[in-house]
K.L.:
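What follows is a structure written as structure tokens; I'll ask about it next.
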Amino acid sequence: MGPDGDLVTERLARGVRCFVVRIEDALAGYGWLSTGPEWIGEIQLELRPRQREGYIWNCVTAPEHRQKGVFGSLVLGIASAARRTGLRRVWIGTVAVPAEKALEPAGFRPALHFDVSALAGMRLMRVRRSADTALATDASSALRVRAGLVIRGSHPRRH
Ligand SMILES: CC(C)(COP(=O)(O)OP(=O)(O)OC[C@H]1O[C@@H](n2cnc3c(N)ncnc32)[C@H](O)[C@@H]1OP(=O)(O)O)[C@@H](O)C(=O)NCCC(=O)NCCS
């Protein structure tokens, strides 16, 4: 995890689970699964999964293993492990990377869309709901955010 390596102990201590993809003996990628509140820096909001929900975050593929299906396999593997441990839904956020097309085949559906811009230390966000109104409502509730314009101070956190 490079400069974030020092965060591992604290994450594991608060019950966040780490999943890795190995190719032969090498660690090709990793991602984390939380069932407790987790900060989402890109949108400056805390996601609070409800009972039997989780949140997949901080997924990274090692540069030398990109575009080999590592992220797709990782997300499928975490989702399947989550199901086995009794979770009925997992949330994930993407940041407009091409790899997000791996999410739909893994069963993920869009809930909320954020257009984010930074201005004078503030985050301006336009929040739009997906067409799946029940899902969008649950996501709004987990993030405690409503559709429309949201302005937040920028508060970087290491976690
Ligand atoms: C985003 C990231 C995790 C993708 O990992 P990856 O292991 O290379 O992704 P995959 O190989 O599983 O790709 C999934 C799909 O996206 C496509 N894809 C991935 N990266 C792509 C790129 N740069 N350009 C075009 N398509 C791309 C793959 O071809 C694949 O599509 P397919 O199933 O139709 O073949 C990796 O680039 C990364 O670690 N980036 C830095 C961290 C980051 O941005 N994390 C946020 C994740 S939301």
Side-chain angles (χ1 to χ4, degrees), residues 1-12 14-50 53-84 87 89-118 123-132 135-136 138-140 142-145 147 150 152 154-159:
M1 287 176 51
D4 287 336
D6 62 320
L7 297 172
V8 169
T9 307
E10 183 272 329
R11 287 184 189 179
L12 295 174
R14 65 187 162 89
V16 187
R17 297 175 67 196
C18 186
F19 293 80
V20 302
V21 174
R22 288 186 186 279
I23 295 183
E24 296 173 349
D25 277 343
L27 192 146
Y30 62 83
W32 293 83
L33 175 67
S34 294
T35 51
E38 213 58 69
W39 183 247
I40 308 179
E42 290 84 354
I43 54 173
Q44 297 283 304
L45 291 171
E46 186 179 70
L47 177 79
R48 289 192 182 172
R50 290 183 296 194
E53 289 185 351
Y55 169 52
I56 298 174
W57 59 291
N58 193 201
C59 294
V60 176
T61 299
E64 64 274 26
H65 289 295
R66 288 190 184 165
Q67 295 196 58
K68 295 180 189 170
V70 169
F71 174 66
S73 308
L74 176 74
V75 166
L76 269 176
I78 300 178
S80 135
R83 205 174 297 123
R84 281 198 307 276
L87 300 189
R89 175 191 274 161
V90 283
W91 301 102
I92 191 167
T94 68
V95 286
V97 289
E100 70 187 9
K101 69 179 173 187
L103 297 178
E104 198 180 315
F108 289 88
R109 285 173 290 132
L112 294 176
H113 185 90
F114 294 80
D115 293 303
V116 184
S117 50
R123 292 275 164 117
L124 270 61
M125 302 191 292
R126 194 161 72 88
V127 186
R128 289 181 282 128
R129 295 162 61 88
S130 76
D132 186 334
L135 185 60
D138 286 354
S140 293
L143 287 167
R144 288 165 299 150
V145 70
V150 177
R152 301 258 156 170
S154 192
H155 304 291
R157 290 188 197 175
R158 293 188 77 240
H159 62 113

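Atom set for the values below is all heavy atoms of this structure, side chains included, hydrogens, waters and symmetry mates excluded. Note that ligands are numbered from 1 as they come in the structure, with each ligand's atoms numbered from 1 the same way. A quick note: this is a predicted structure, and the numbers were derived from the prediction, not measured.
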K.L.:
If you round to the nearest 0.5 Å, how far is CG of L33 from CD of E38?
P.N.:
10.0 Å
K.L.:
Please determine if E42 and R123 form a salt bridge, counting it only when a charged side-chain N lies under 4.0 Å from a carboxylate O.
P.N.:
no
K.L.:
Find the distance between CD1 (I56) and CG (N58) and round it off to the nearest 0.5 Å.
P.N.:
12.0 Å
K.L.:
Could you list which atoms of ligand 1 come closer than 4.0 Å to a heavy atom of G72?
P.N.:
12 (O)
K.L.:
Would you kindly specify which portion of E100 sits under 4.0 Å from ligand 1, judged on non-hydrogen atoms: side chain, backbone, both or neither?
P.N.:
neither
K.L.:
Does a side-chain heavy-atom distance below 4.5 Å link V75 with F108?
P.N.:
yes
K.L.:
Is V97 close to ligand 1, meaning an N/O of one under 3.5 Å from an N/O of the other?
P.N.:
no
K.L.:
Looking only at protein heavy atoms, which one is nearest to atom 41 (C) of ligand 1, and what is the separation?
P.N.:
R66 NH2, 3.6 Å
K.L.:
Distance under 4.0 Å to a non-hydrogen atom of V60: what atoms of ligand 1 satisfy this?
P.N.:
39 (O)
K.L.:
From the options K101, Q67, H65, select the one whose nearest heavy atom is closest to atom 30 (C) of ligand 1.
P.N.:
K101
K.L.:
Tell me the protein heavy atom at minimum distance from atom 25 (C) of ligand 1, and give that distance in Å.
P.N.:
P98 CB, 3.5 Å
K.L.:
Taking the non-hydrogen atoms of G93, is any one of them nearer than 4.0 angstrom to ligand 1?
P.N.:
yes
K.L.:
Taking the side chain as every heavy atom from C-beta outward, state whether V8 and W32 have any pair of such atoms under 4.5 Å apart.
P.N.:
yes
K.L.:
Measure the distances from the heavy atoms of C59 to every atom of ligand 1 and state whether one is below 4.0 angstrom.
P.N.:
yes
K.L.:
At what distance is the nearest protein heavy atom to atom 4 (C) of ligand 1, and which residue and atom is it?
P.N.:
A99 CB, 3.5 Å
K.L.:
Considering only heavy atoms of A102, which atoms of ligand 1 have at least one such atom less than 4.0 Å away?
P.N.:
14 (C)
K.L.:
Check for a donor-acceptor pair, side chain of Q44 on one end and backbone N or O of H155 on the other, with a separation under 3.5 Å.
P.N.:
yes
K.L.:
So, H65 side chain and I23 main chain: donor-acceptor pair closer than 3.5 Å or not?
P.N.:
no
K.L.:
For the side chain of R66 and the backbone of T61, is there at least one donor-acceptor N/O pair under 3.5 Å apart?
P.N.:
yes
K.L.:
Using a plain distance cutoff, I'd like to know if T61 has any nitrogen or oxygen under 3.5 Å from a nitrogen or oxygen of ligand 1.
P.N.:
yes
K.L.:
In Å, rounded to the nearest 0.5 Å, how long is the span from CZ of R89 to CG of L135?
P.N.:
5.5 Å
K.L.:
List ligand 1 atoms under 4.0 Å from K68, heavy atoms only on the residue side.
P.N.:
11 (O)
K.L.:
How about L112 and V145: do any of their side-chain heavy atoms sit closer than 4.5 Å?
P.N.:
yes
K.L.:
For G69, counting its heavy atoms only, list the atoms of ligand 1 lying under 4.0 Å from any of them.
P.N.:
10 (P), 11 (O), 12 (O)
K.L.:
Tell me, which protein residue and heavy-atom name are nearest atom 9 (O) of ligand 1, and how many Å apart are they?
P.N.:
F71 CB, 3.3 Å
K.L.:
Check whether any protein heavy atom sits under 4.0 Å from atom 35 (O) of ligand 1.
P.N.:
no
